[in-house]
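Values reported hereafter were calculated over all heavy atoms of this structure, with side chains retained and with hydrogens, waters and symmetry mates removed. Below, chain A is the first sequence line, B the second, and so on; all start at residue 1.
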There are 2 protein chains.
Amino acid sequence: MALNFTGDEGPDFQPLYAQVKGLILQRIIDGDWKPDEVLPSEFKLADQFGVSQGTVRKALNDLAAENVVIRRQGKGTLVAANNPLRELFHFIHMTDREGALQLPTSSEVLSCERRRASDDDLGRLKLRRGADVIRIERIRTLGEKTAITETIVLPARLFPGLEAGGGANVPHALYQHYQDAYAIAIHRVEEALRAVTAGPRDAELLGLTPGQPLLEIDRVAISLDGKPVEWRITRCDTQDTRYVSSLV
Amino acid sequence: MALNFTGDEGPDFQPLYAQVKGLILQRIIDGDWKPDEVLPSEFKLADQFGVSQGTVRKALNDLAAENVVIRRQGKGTLVAANNPLRELFHFIHMTDREGALQLPTSSEVLSCERRRASDDDLGRLKLRRGADVIRIERIRTLGEKTAITETIVLPARLFPGLEAGGGANVPHALYQHYQDAYAIAIHRVEEALRAVTAGPRDAELLGLTPGQPLLEIDRVAISLDGKPVEWRITRCDTQDTRYVSSLV
DNA sequence: GAGTGGTCTAGACCACAGA
DNA sequence: CTGTGGTCTAGACCACTCT
């Protein structure tokens, strides 16, 4: 066991429960336990790691607070999966005027191709110069209306073959696809918002007149191991919708 | 002690630690312990409530996770105060292009008056028909530039005298003022964003040409006891700034 | 040195899910 | 019925803050 017990505390000392948490997280990242699978019980993990059940419990509760696992009494501790429900709770922020969550209902891929990463791509996705990316353009509907244009940039190395067929393989629910087809779990997203004016292309795609205001959402999606794996720019008509953000 | 122990579990049964948490929260709301004051130690609270120290600990840790209190080893458990630092961490979302937090540096009150609440005011602040509100209009600077117009609506009953002198008493840091002058602690905010076009008045105040896009932030601030106490509409020029939102 | 919260352990009983 | 996580308790030792 590689755990630090009291006595050999180095400069990067971590409490036992944090070490246990890290080990469990690593095994989830490695795919030892896959999404929707049940982890061993607290007592079994405690035996494996040579710590008390209470210490494992704290580690698991921390991971649950970070939405890495889901704990259910009587059932066990599951690895969180990027299913539509999770997406709704964690990654959807658009609502209608009354505040009810609006999940995009469909999408149409306009283009999908592999190309050399631009400087912006390199910066956002922390790639090395010369890396390739897959770039997808699509439009999405919110409610009844085509209200969203999206440009999605992915490291080509992580998503081999995704660009095949010009986007014929690209489903609507991308995060679920990343998980199921590439074993990449989106853990959290960082978003930066601004107001922009619709250019001629946006206006045409969304049926607006150029110059109308759009909400631009610049989102980087971060995987379980903390690396940026998707950069997405969403432009959204907010005449009938809102972006909600409830913060403490 | 009004605590439910095992046996008299009604339909609204709550675990002990949740009951203790509620009692502590209520005493903070009542002002028994004021912002920046130290609560009694875990053992003293455990004695007062007739539970074990571990149960109090869980209650306090929960309150700390909700930013109601701050726990410091060796020092004690403090009631969270709306100081500039807290404001920066919890309520500021504007950054510059590089992502560094931009806190508004100054403000100028344009108008401040008491009036009958509009229908929108009633809905947002959950007031009864006929209630009065205080309505403040001001502009704020971000970095070097006047980039923000704000309309703030407050229930007049909660903030007596705030409108005196047409806003001469209205300082820049409002949440701190609510806390210090009116004992009202802003606990969290709910925000809804959309993109709008600058009207003639916005354009004039911010030095823009009408029609330019602005980010509109519609924010309701919620006090510790869960009631809406401020409604604020912020319009912001996002040419040089971004609104950040980091969500799990 | 005295007092605080932070960590770790051990054991008890309960509520829930599923065979 | 068995096994799971949820709650509650009790006690030990450590790290930090302040006097």
Handout entry: A:Ile222/A:His187 under side chain to side chain contact (heavy atoms under 4.5 Å, CB included): CA gap, chis, key distance, verdict
Key = CA-CA 6 Å; A:Ile222 317 272; A:His187 179 227; 5.6 Å; no
Exercise for the section: Under 4.0 Å between any heavy atoms, over every strand shown, what does B:Phe43 touch: base, sugar-phosphate, or nothing? Just pick one. Expected result: nothing
Practice task
Measure from the side-chain N and O atoms of A:Arg188 to the backbone N and O of A:His90, and report whether any donor-acceptor pair falls under 3.5 Å.
Solution key: no
Exercise for the section: Let me know, please, whether A:Val56 or B:Arg72 comes out on the 5' side of the other along DNA chain C by nearest nucleotide. Expected result: B:Arg72
Completion exercise
Looking only at C:dC8, D:dC8, C:dG5, the nucleotide nearest the A:Leu16 side chain is C:dC8
Problem - Rounded distance (Å) that lies between atom P of C:dG6 and atom CG of A:Asp62 - result: 13 Å
Practice task
Not counting sequence neighbours, which residues clear ring-ring contact (aromatic ring centres under 6.0 Å, His included) with A:Phe43? List them please.
Solution key: none
Handout entry: Side chain of B:Ser52 - closest among D:dT9, C:dT4, C:dC8
Key = D:dT9
Exercise for the section: Ignoring backbone atoms, establish whether A:Thr77 has a side-chain N or O less than 4.0 Å from OP1 or OP2 of D:dT4. Expected result: no
Problem - Salt-bridge contact B:Arg124-B:Asp218 (side-chain N to carboxylate O under 4.0 Å) - result: yes
Handout entry: Interatomic distance where OH belongs to B:Tyr17 and P belongs to D:dT9 [whole Å]
Key = 13 Å
Practice task
Report yes if a side-chain nitrogen or oxygen of A:Lys44 is closer than 4.0 Å to either non-bridging phosphate oxygen (OP1 or OP2) of D:dT4; otherwise report no.
Solution key: yes
Practice task
Measure from CD on A:Gln19 to C1' on C:dC8 and round the result to the nearest Å.
Solution key: 12 Å
Exercise for the section: May I ask you to say whether B:Glu150 pairs ionically with B:Arg219, meaning some side-chain N is under 4.0 Å from a carboxylate O? Expected result: no
Handout entry: Side-chain N or O of A:Thr55 closer than 4.0 Å to phosphate OP1/OP2 of C:dC8
Key = no
Problem - Nucleotide D:dG5, atom C1' - distance to CG of A:Leu39 in whole Å - result: 13 Å
Exercise for the section: Starting at atom CG of B:Asp47, determine the distance to atom P of C:dT4, rounded to an integer number of angstrom. Expected result: 11 Å
Fill in the blank from the handout: Sequence neighbours excluded, the answer for salt bridge (charged side-chain N to carboxylate O under 4.0 Å, His left out) partners of B:Arg97 is B:Asp240
Are any protein N/O atoms closer than 3.5 Å to N/O atoms in nucleotides 16-19 of chain D? If there are, list each pair with its distance.
{"from": "D:dC16", "atom 1": "O4'", "to": "B:Gln73", "atom 2": "OE1", "distance (Å)": "2.8"}

Exercise for the section: From the options C:dG5, D:dT9, D:dG6, select the nucleotide whose nearest atom is closest to the side chain of B:Arg71. Expected result: C:dG5
Problem - Phosphate contact (C:dT4 OP1 or OP2) by B:Ser41 side-chain N/O below 4.0 Å - result: yes
Fill in the blank from the handout: Rounded to whole Å, the CD-C1' distance (A:Gln14 to D:dC14) equals 17 Å
Exercise for the section: Give the rounded distance in Å between these two atoms: CG of A:Leu78 and P of C:dA17. Expected result: 13 Å
Handout entry: Length of the line joining B:Lys58:NZ and C:dC8:C1', which is rounded to integer Å
Key = 17 Å
Handout entry: A:Ile24 and A:Trp33, any side-chain heavy atoms less than 4.5 Å apart
Key = yes
